[in-house]
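These notes are about the structure you will find just below.
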Protein chains: 2
Amino acid sequence: MLEAKLEEAALLKRLLDCTHFSSYTNESPCSPRLCLAIKELVTDANFECNEEGINLQAMDNSHVALVAVNLEASGFKKFRCDRPMPLGVNLNSLTKVLKCAKDDDICTIKATDDVDVLNLVYEAKNSDRIAEYDMKLMDIDAENLGIPDTDYDARVTMPSAEFTRIVRDLSLLGESVRIEVSKEGVRFASDGEAANGSILLKQTEAAKEKYEKYGKDDEEVKDEEDEEEEEDKPKKKKIKKEKVKKEEKDGDVEMNGDDDDDGEFKAKSDDEGEEEQEEEEEEEEEETKKKNKKRKKAPSKNGQPSKKAKKSDEVPSDGGVYVEMNQHVSLTFSLKYLVNFSKSSSLSNTVQLMMSNDVPLLVSYKFGQGVIKYYLAPKIGEE
Amino acid sequence: MLEAKLEEAALLKRLLDCTHFSSYTNESPCSPRLCLAIKELVTDANFECNEEGINLQAMDNSHVALVAVNLEASGFKKFRCDRPMPLGVNLNSLTKVLKCAKDDDICTIKATDDVDVLNLVYEAKNSDRIAEYDMKLMDIDAENLGIPDTDYDARVTMPSAEFTRIVRDLSLLGESVRIEVSKEGVRFASDGEAANGSILLKQTEAAKEKYEKYGKDDEEVKDEEDEEEEEDKPKKKKIKKEKVKKEEKDGDVEMNGDDDDDGEFKAKSDDEGEEEQEEEEEEEEEETKKKNKKRKKAPSKNGQPSKKAKKSDEVPSDGGVYVEMNQHVSLTFSLKYLVNFSKSSSLSNTVQLMMSNDVPLLVSYKFGQGVIKYYLAPKIGEE
DNA sequence: ACAGGGATCT
DNA sequence: AGATCCCTGT
């Protein structure tokens with residue numbers, strides 16, 4: 001059976017907003033015909049549960065975008081999953097049920113081995129209210145969506161709010177955006193009927209320092225866990241750039257630091273998982289203000305203020321932009337999807353864009369309990 | 001070609017809010033049927049650019065109201081316009097493009113001589129972000145809207161916030177307002193189904209002193225420009241009040257200090273027009289904190305604080321009311337337009353109402369970089 | 001505390 | 001497409 005307890009129901013609620021994007025992206029007056037095109041980008045999804053946590057993968061109905069969420073077992077206040085089980089969830093139903101939770105409720109989800117029902121319990125912090133819901137589950141073909149496993153040629157790390165702002169702005173003008181990473185920085189450009197727009201973000205030194213280790217925390221954490229490569233870290237950091245440029249393999253590992261489901265890292269992951277649990281408790285203590293997660297008390301330079309009570313990010317949002325690239329990339333994407341993706345800024349102050357020419361864009365938000373990744377196929381042969 | 005750089009994009013954004021008023025003035029619950037009546041008061045406008053600055057004139061679609069904006073070249077951080085050129089702008093498009101600017105961006109607009117595209121560049125203060133937009137221009141018949149060139153019998157100078165409040169309040173009751181200037185002050189009265197309202201503003205001594213020279217700076221500046229009537233100035237100032245009362249002609253000139261394009265006053269206008277430009281600059285100068293440019297150093301007594309970095313006004317808003325009149329006037333206007341006009345309170349703390357019986361009202365807001373003037377025909381034979 | 005803008009729902 | 005509600009910014 002599965003039993004997972006979350007300190008705050010808010011996380012699930014926000015996560016579902018980010019997954020179950022169905023918005024009427026009618027910001028494109030240029031193409032009102034598209035406004036109704038999306039309706040529901042994702043309606044059903046399998047929540048794959050195992051002892052390491054919960055993974056969700058779903059492809060939008062038009063098979064252009066893919067969303068993958070990973071919640072680590074350590075991100076829960078309590079997590080137990082005796083055997084792998086897929087929970088076939090209708091996102092509309094889950095959205096409704098989650099609306100019945102208050103943001104600060106303690107939320108426990110349970111499923112028995114016959115996985116035909118998901119049990120959700122919302123408990124007020126002071127325990128004077130307990131709400132319980134049973135949601136029917138469905139049988140979804142666990143078509144394992146081939147997550148593209150690419151070595152990206154460019155990675156952009158930037159404040160999620162800025163990304164949100166950019167795609168929202170450009171969606172006022174046109175329906176697609178060309179993202180171009182070059183030595184001068186990253187450029188977002190869109191052509192519309194009324195106007196064309198182009199935004200160039202230059203890398204800042206501050207951002208470079210701040211984000212240099214971002215996305216490689218996994219390693220650090222790992223290292224820390226391993227406890228033996230402490231002295232290695234600094235080295236790694238220093239050569240990181242070179243790695244990206246020279247060692248495709250290692251560079252990619254770093255670039256893909258977010259990858260969760262790769263076999264070869266499994267062993268290590270296991271360790272992490274258990275440790276993380278401990279950390280979790282630690283965290284709670286740390287989270288004096290929020291539900292943030294910063295697991296290890298790593299040589300954390302990301303001592304983040306965690307402004308509101310909403311975002312649980314490790315990096316302040318006032319960020320600046322950090323660009324890493326092996327080669328110039330230029331890709332065109334549908335803005336309506338990116339606008340949807342950018343709703344994840346409620347989960348993290350930082351976003352990473354990973355790109356290589358002619359392969360899907362990866363938009364990744366790391367948050368305290370895991371990571372949400374979006375993949376979007378580029379438009380091809382577009383003007 | 002045209003190249004104009006503004007210290008803050010916010011000015012343009014606010015200006016467009018004031019020009020492109022399309023609001024559903026549904027503040028009138030009394031007449032919900034009117035809510036949809038306006039939709040778009042002004043959709044397109046020509047931005048007339050020449051070496052002296054930028055002028056915009058537009059009439060609302062129902063030809064009842066007219067808006068005229070003058071931005072002085074001196075109000076820009078940089079301004080260059082090699083030859084006069086009209087930029088035919090769709091205000092909807094410009095609104096969208098301006099939404100893509102952050103308020104504190106440095107904004108540069110450029111147009112080449114073929115004026116088919118307006119180029120807007122938004123540069124973050126720290127230059128790590130540069131956004132560039134190209135907006136298509138259109139060909140608009142430069143129907144030179146006959147701006148009424150009246151000698152006004154009454155002028156009311158008051159805090160713009162108070163005017164905003166009054167028209168908003170009265171718009172809750174009825175759809176028109178009678179504005180009456182008499183010796184006791186200025187009265188705003190509206191009759192509605194639910195209630196009638198009447199607001200009397202009496203002139204205050206403080207306001208008299210404060211505003212005595214407001215709107216007449218033009219003259220001073222003019223004199224300065226002319227450079228030869230220096231000795232005349234003090235004289236003029238002293239008799240100013242008398243002028244208003246005795247010499248209709250001269251009084252009007254003063255009262256009409258803002259008029260820009262009048263045929264018969266052209267000769268005089270010419271002087272005045274140029275003068276105004278200078279005054280503008282004066283005003284800006286006073287705004288020591290903003291993007292001022294102050295060319296001439298006038299004997300400025302309006303050393304005004306200019307609170308925030310937003311409003312660029314020469315007079316504090318805590319104002320009081322100053323009334324000048326040659327004769328009693330009483331006129332009735334549509335409140336929905338006045339409510340729209342009053343949005344310009346974001347540009348200036350002070351507003352001037354100029355009236356004569358049976359001619360359009362002139363509502364004028366002067367701000368650091370120029371002036372925005374609204375003309376509204378009175379309702380006639382109304383109850 | 002109020003106003004404006006954005007997002008969601010009908 | 002319009003109206004209402006919520007959130008953010010001033």
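Reminder, nothing fancy here: chain letters follow the sequence lines and each chain counts from 1.
Rounded to whole Å, the distance from CZ on B:R165 to C1' on C:dA3 is 13 Å. Between A:R14 atom CZ and C:dA7 atom C1' there is a gap of 17 Å when expressed in whole angstrom units. If you measure from atom CG of B:D17 to atom P of C:dG4, you get 9 Å, rounded to the nearest angstrom. In this structure, the CG atom of B:L16 is 16 Å from the P atom of C:dG4, given to the nearest Å. In this entry the distance linking NZ of B:K102 with P of C:dG5 reads 17 Å, nearest Å. As a whole-Å value, the separation of A:D169 CG from C:dG5 C1' is 13 Å. Taking atom NZ of residue B:K96 and atom C1' of nucleotide C:dG6, one finds them 16 Å apart after rounding to whole Å.
Between A:E8 and A:K125, at least one side-chain N (NZ, or NE/NH1/NH2) sits under 4.0 Å from a carboxylate O, which counts as a salt bridge. Note on A:R165 versus A:D169: salt bridge recorded, some NZ/NE/NH1/NH2 to OD/OE distance being below 4.0 Å.
Look at A:K99 and you'll find a side-chain N or O under 4.0 angstrom from OP1 or OP2 of C:dC9. Contact annotation: A:R168 does not reach the phosphate of C:dG5 (side-chain N/O to OP1 or OP2, under 4.0 Å).
Here B:Y133 and B:Y122 bring their ring centres to under 6.0 angstrom of each other.
Nearest to the side-chain atoms of A:K343 among the listed nucleotides C:dA3, C:dC9, C:dT8 stands C:dT8.
Contact annotation for B:K13: no contact, since no heavy-atom pair falls under 4.0 Å across all strands.
None of B:L361, B:L338, B:T157 except one satisfies the side chain to side chain contact (heavy atoms under 4.5 Å, CB included) rule with B:L353; the exception is B:L361.
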